[in-house]
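Residues take their numbers from the sequence shown, with the count starting at 1.
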Amino acid sequence: MVMILSIASTGIAAGWTDIPRLSPTRGIIMEDPDLLSSAAVSDDLQTCYYPQTLDHFNYQPQSYGTFQQRYVMNFKYWGGANNSAPILAYLGAESPLNVSLTAIGFLNDSAVSFNALLVYIEHQYYGKSIPFGSREEAFKNASTLGYFNSAQAIADYAEIIMHIKSKLRAFYSPVIVVGGSYGGMLASWLRLKYPHVALGALASSAPILYFDKITPSGAYYSVVTKDFREASESCYQTIRNSWSVIDKIASQPNGLSTLSMIFNTCKPLTKSSELKIALKNMYALAAQYNSPPRYPVTVICRGIERKIFLVRFLQALLLMGIFLAILINKPMNPKQLKDGDGSEMVIPKGIGNGTMFQPAPFNLTSFIQHCKTIFGVLPRPHWVTSYYGGHDIKLILQRFGSNIIFSNGLRDPYSGGGVLENISESILAVKTVNGSHCLDILAQTASDPEWLVKQRQTEVKIIRGWIAQYYADLKDILFKQ
């Protein structure tokens, strides 16, 4: 039940956007919130700052401004520039870099076998990589927020990687970029946009097809429903029926007060939708990070089923309420935004018929108005597919792209917008039936199931093949010279 509490309290913090966070480390933070402040930095890690260009795509005077962008390097296992030893670069996503240094274990776990230099780069506008001198200034208005986008972030990463290679004189060291969730999208797009910078990319749980009607808008919550139904039919039915019960209670005199008391909310409910959004986000995050050995979906369902056995489903909600300290927040203004609360990504995620939730189709007009109200910036719904592609991806990329692994766990709701089939001989889909969000790039543990171990081994084998081919090509070119 402690897991349920953690899921609820973290889910509501992002609930105002009604979009579960595209984060590879959120599941770990739910299990151990202290990681946010206590993530230990190894003695092997060297923290550096690069004077990053504010705007890579304009020549206006303000574009030449700079900010200090943080990156961290680990030389412990590196074979050195003279041997053209590889570089594994992690592309930070929607959080400060601190937690990723310990949680994203794929790099460290693979470093010995690759003799690799490890590099971790923090995303602009997060952690200590804040333009304009402070968070208050960076999030002040639409003019300062306008530089906060994925294209700038990828250019940032490319510039830092090239700076590192030049500084270390590692001109022929192949670079593999690694990212999870939003960071996984960035990794795949960096490989496509800057093939001279990165030899290949591991894009974990990257929903690059969840844009511009490529993927049905209801895909995310269909997978959430599937996860709960596979865990327990009675749990699924209970959740499916609970929404009408909540509405019925809320419509009665003092009904909202009753619900506030049942669920022990930190603030009195003003409408039933506040509670329903909180619960929906809790279920969604449980499914997204439904990883071993705890499996939060199973934890939730066991709690519900125990109470159903006694007095059926309203008291099942009461059982959950005892353990849920649900924080009902009002929409924040830009100055109150926390790390991860915004990007230019327009993921048209809605709830269709046939799920365990009440239908809620995606409404682009409302989405645009919401962005305008909160950020003062209008979104561009078709920009991601215009700039990066996505439509007819197999037709386009099988001849154009190369060396990308799209890894997914099919229990992850975002897998519905991921690449699940091979595109070519070197753009590959590596998926597991039981995997959850970004599980494959997290640190190895003794309790990892065999299917997860094999998934990581497959990814390492593919990357090793890319690097071997690169060295063969390099040798052939240098020999001819």
Side-chain angles (χ1 to χ4, degrees), residues 47-73 89 91-97 119-168 175 177 179 182-183 185-187 189-198 332-346 368-389:
T47 300
C48 307
Y49 291 87
Y50 178 74
Q52 188 61 262
T53 304
L54 178 63
D55 183 358
H56 300 280
F57 306 108
N58 276 292
Y59 294 94
Q60 299 175 20
Q62 61 267 31
S63 299
Y64 290 89
T66 61
F67 65 95
Q68 295 298 304
Q69 186 164 11
R70 179 168 56 162
Y71 66 97
V72 174
M73 296 190 291
L91 308 185
E94 297 179 290
S95 65
L97 198 58
V119 177
Y120 305 81
I121 311 175
E122 189 166 62
H123 194 294
Q124 53 163 261
Y125 284 79
Y126 294 98
K128 296 185 178 181
S129 302
I130 307 295
F132 302 104
S134 69
R135 287 193 56 78
E136 184 176 15
E137 287 298 313
F139 287 84
K140 186 175 183 179
N141 53 45
S143 295
T144 56
L145 276 171
Y147 301 99
F148 180 20
N149 63 72
S150 63
Q152 297 283 6
I154 293 172
D156 290 344
Y157 295 143
E159 192 164 318
I160 288 179
I161 291 170
M162 289 189 291
H163 164 74
I164 291 171
K165 293 186 70 174
S166 176
K167 182 178 179 180
L168 300 177
V175 176
V177 291
Y182 165 58
M185 291 192 278
L186 297 181
W189 291 334
L190 188 147
R191 167 59 185 164
L192 295 173
K193 290 290 187 182
Y194 300 94
H196 59 290
V197 173
M332 297 177 285
N333 63 55
K335 291 183 180 180
Q336 295 173 309
L337 293 176
K338 298 180 181 179
D339 285 322
D341 288 325
S343 76
E344 89 279 21
M345 301 291 172
V346 181
I368 291 173
Q369 184 57 50
H370 179 83
C371 288
K372 178 66 175 177
T373 300
I374 299 299
F375 298 104
V377 177
L378 291 176
R380 297 175 178 175
H382 309 293
W383 176 242
V384 167
T385 52
S386 297
Y387 191 67
Y388 300 113

Point to revise | Full working for side chain to side chain contact (heavy atoms under 4.5 Å, CB included) between Gln124 and Gln52 | key: CA-CA 9 Å; Gln124 53 163 261; Gln52 188 61 262; over 6 Å; no
Review point. Taking the side chain as C-beta and beyond, is there a heavy-atom pair between Asp156 and Phe67 under 4.5 Å?
Key: yes
Practice item. For the pair Arg191 (side chain) and Ala198 (backbone), establish whether a donor and an acceptor sit closer than 3.5 Å, ignoring hydrogens and angles. Key: yes
Check your understanding: Can you list the residues that meet the side chain to side chain contact (heavy atoms under 4.5 Å, CB included) rule with Ala155, with sequence neighbours excluded?
Key -> His56, Phe57, Tyr194
Check your understanding: Given the rule in the side chain to side chain contact (heavy atoms under 4.5 Å, CB included) test, do Tyr387 and Arg380 qualify, once you have shown the distances and angles that lead to the verdict?
Key -> CA-CA 11 Å; Tyr387 191 67; Arg380 297 175 178 175; over 6 Å; no
Exercise for review: Show your working on side chain to side chain contact (heavy atoms under 4.5 Å, CB included) between Phe139 and Phe375 and close with a plain yes or no.
Suggested key: CA-CA 8 Å; Phe139 287 84; Phe375 298 104; 5.7 Å; no
Check your understanding: Quick one: does Tyr125's side chain get under 4.5 Å of Pro131's, heavy atoms only?
Key -> yes
**Study point:** Taking every non-hydrogen atom, the tightest pair across Pro379 and Cys371
**Key:** CD-CB, 3.8 Å
Point to revise | Trp189 side chain reached by Val384 side chain, heavy atoms, under 4.5 Å | key: yes
Review point. Which value, rounded to the nearest 0.5 Å, describes the distance between Leu91 atom CG and Tyr120 atom OH?
Key: 12.0 Å
Practice item. Considering non-hydrogen atoms only, spot the tightest contact between Gly376 and Ala142 and give its length. Key: O-CB, 3.4 Å
Check your understanding: Would Glu159 and Tyr50 count as having a side-chain donor-acceptor pair, cut-off 3.5 Å?
Key -> yes
Review point. Does Ser129 use its side chain to pair, donor to acceptor, with the backbone of Arg70 at less than 3.5 Å?
Key: yes
Practice item. Ignoring hydrogens and angles, tell me if any N or O in the side chain of Ser166 forms a donor-acceptor pair with the backbone of Met162 under 3.5 Å. Key: no
Check your understanding: Between Tyr157 and Leu186, is any pair of side-chain heavy atoms under 4.5 Å apart?
Key -> yes
Revision key, fill the gap. CD (Gln62) and CG (Leu54) are apart, to the nearest 0.5 Å, by 8.5 Å
Check your understanding: Between the main-chain N or O of Leu97 and the side-chain N or O of Glu122, is there a donor-acceptor pair closer than 3.5 Å?
Key -> yes
Check your understanding: Between His123 and Phe148, how do the two ring planes meet: parallel, tilted or perpendicular, split at 30° and 60°?
Key -> perpendicular
Review point. Looking at side-chain heavy atoms only, is the closest gap between Ile161 and Val177 below 4.5 Å?
Key: yes
Check your understanding: With a 3.5 Å cut-off and no angle check, do the side chains of Tyr388 and Ser150 form a donor-acceptor pair?
Key -> yes
Check your understanding: Heavy-atom distance under 4.5 Å between the side chains of Ile121 and Gln69, does that happen here?
Key -> yes
Study note, to complete from the structure: Interatomic distance, CD@Glu136 vs OG1@Thr144, rounded to 0.5 Å, equals 10.5 Å
Review point. Rounded to the nearest 0.5 Å, how far does OH of Tyr64 lie from OG1 of Thr53?
Key: 9.5 Å
Revision key, fill the gap. dist Lys167:NZ -> Ile160:CD1 (nearest 0.5 Å) comes out at 11.5 Å
